[in-house]
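Take a look at the following structure, please.
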Amino acid sequence: MNIILLGPPGAGKGTQAQRLQTDVGMVQLSTGDMLRAAVKSGSALGQKAKDIMDAGKLVPDELMVGLIEDRIAQPDCAKGFILDGFPRTEAQAEALDEMLARTGKKLDRVIEMEVDEQALTERVVGRFTCARCGTGYHDKFKRPRVEGVCDVCGSKEFSRRKDDNAETMKTRMAAYRAQTEPLLPYYRAKGVLKTVDGMAAMDEVYRQIRAVLAGA
Ligand code: AMP
């Protein structure tokens, strides 16, 4: 099964995608993670994307489409994928339709994670991840069980995203509203859109997503 998790920054797309990947074996395709890896490695893509990401703006469509097209073609994606952070514009959605049609793949569900905008900045500004295994934490909502030690791998190193600050969030939210929100009617018209309550507790959001997938 191939799905998209759609929602503004801080909606919980990455958290839910990670859990689905672990439990169901679908592959999480986070374009944000791919871009951050490209920035870290200093590749040509990373050099182009860095300042745009730090400013909270969107990386040009042609770069994103090329990135996802290469990734979807890899053999592990045959067992199903979860798009997390892609598509973010109508041009990306159209390119995705086209590449799926060309490769005989299908989009089964688009899951909108509906959230209260007021809560997003608080969620985003407090989040951090284990630098070794990528497990996500939050200053207020999900601290490690032992202070300063990752619950999953025991690492003592954590990192915070440079764009997870209140100022950049304003630009990221504006980009979401202007460019990504129009994808809701786009997918509704195709009959694949389902909505879950992204403000519910993490386990409940996950339960709702699994219910959507079971009905797919
Ligand atoms: P995310 O981790 O999904 O919040 O993405 C972090 C940043 O990466 C975004 O603010 C954009 O600058 C960039 N980015 C990620 N995915 C896309 C995409 N599909 N299109 C354009 N820019 C993207």
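We're numbering straight along the sequence, starting at 1. Start at 1 and go down the list; that is how both ligands and their atoms are numbered.
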Q: Answer yes or no: is there a side-chain heavy-atom contact under 4.5 Å between E204 and D197?
A: no

Q. Taking distance alone, with no angle check, do M64 and ligand 1 share an N/O pair under 3.5 Å?
A. no

Q: Please write down residue, atom name and distance for the protein heavy atom closest to atom 7 (C) of ligand 1.
A: M53 CE, 3.9 Å

Q) Quick one: CD on E69 to CG on L96, what's the gap to the nearest 0.5 Å? A) 9.5 Å

Q) ligand 1 versus V59, non-hydrogen atoms closer than 4.0 Å: side chain, backbone, both, neither? A) both

Q: Below 4.0 angstrom from a heavy atom of Q92, which ligand 1 atoms are there? Numbered from 1 as shown, please.
A: 18 (C), 19 (N), 20 (N), 21 (C)

**Q.** side chain to side chain contact (heavy atoms under 4.5 Å, CB included) partner of I111, chosen from V192, L193, L213, T195
**A.** L213

Q) Tell me: protein heavy atom nearest atom 14 (N) of ligand 1, and distance? A) L35 CD1, 3.4 Å

Q) Any donor and acceptor pair, going by atom type alone, linking the side chain of D108 with main-chain N or O of N2 inside 3.5 Å? A) yes

Q: Give yes or no for whether the N/O distance cutoff of 3.5 Å, strictly under, is met between R88 and ligand 1.
A: yes

Q: Side-chain contact test, heavy atoms from C-beta onward, threshold under 4.5 Å: evaluate it for V110 versus K194 and give yes or no.
A: no

Q) Closer than 4.0 angstrom: is that true for some heavy atom of R161 and an atom of ligand 1? A) yes

Q. Which atoms from ligand 1 have a heavy atom of R172 less than 4.0 Å away?
A. 4 (O)

**Q.** Sub-4.0 Å heavy-atom approach of K13 to ligand 1
**A.** no

Q: With heavy atoms of T31 as the reference, note each atom of ligand 1 found under 4.0 Å away.
A: 15 (C), 16 (N), 17 (C), 19 (N)

Q.
Looking only at the side chains, is there a donor atom on one of R172 and Y176 sitting less than 3.5 Å from an acceptor on the other?
A. no

Q: Output yes when the distance from some N or O of ligand 1 to some N or O of I52 is under 3.5 Å, and no in every other case.
A: no

Q: Return a yes/no value for K57: is any of its N or O atoms, backbone included, closer than 3.5 angstrom to an N or O of ligand 1?
A: yes

Q) For R102, does the CZ atom sit with more than 12 other heavy atoms under 6.0 Å from it, leaving out its own atoms? A) yes

Q. What ring-ring contact (aromatic ring centres under 6.0 Å, His included) pairs are there with at least one residue in residues 103-138, not counting sequence neighbours?
A. F128-Y137, F128-F158, Y137-F158, H138-F141

Q) Which atoms of ligand 1 sit under 4.0 Å from any heavy atom of R36? A) 2 (O), 6 (C)

Q) Hey, does the side chain of Q47 reach the backbone of G42 with a donor-acceptor pair shorter than 3.5 angstrom? A) yes

Q. Does an N or O anywhere in D84 fall below 3.5 Å from an N or O of ligand 1?
A. no

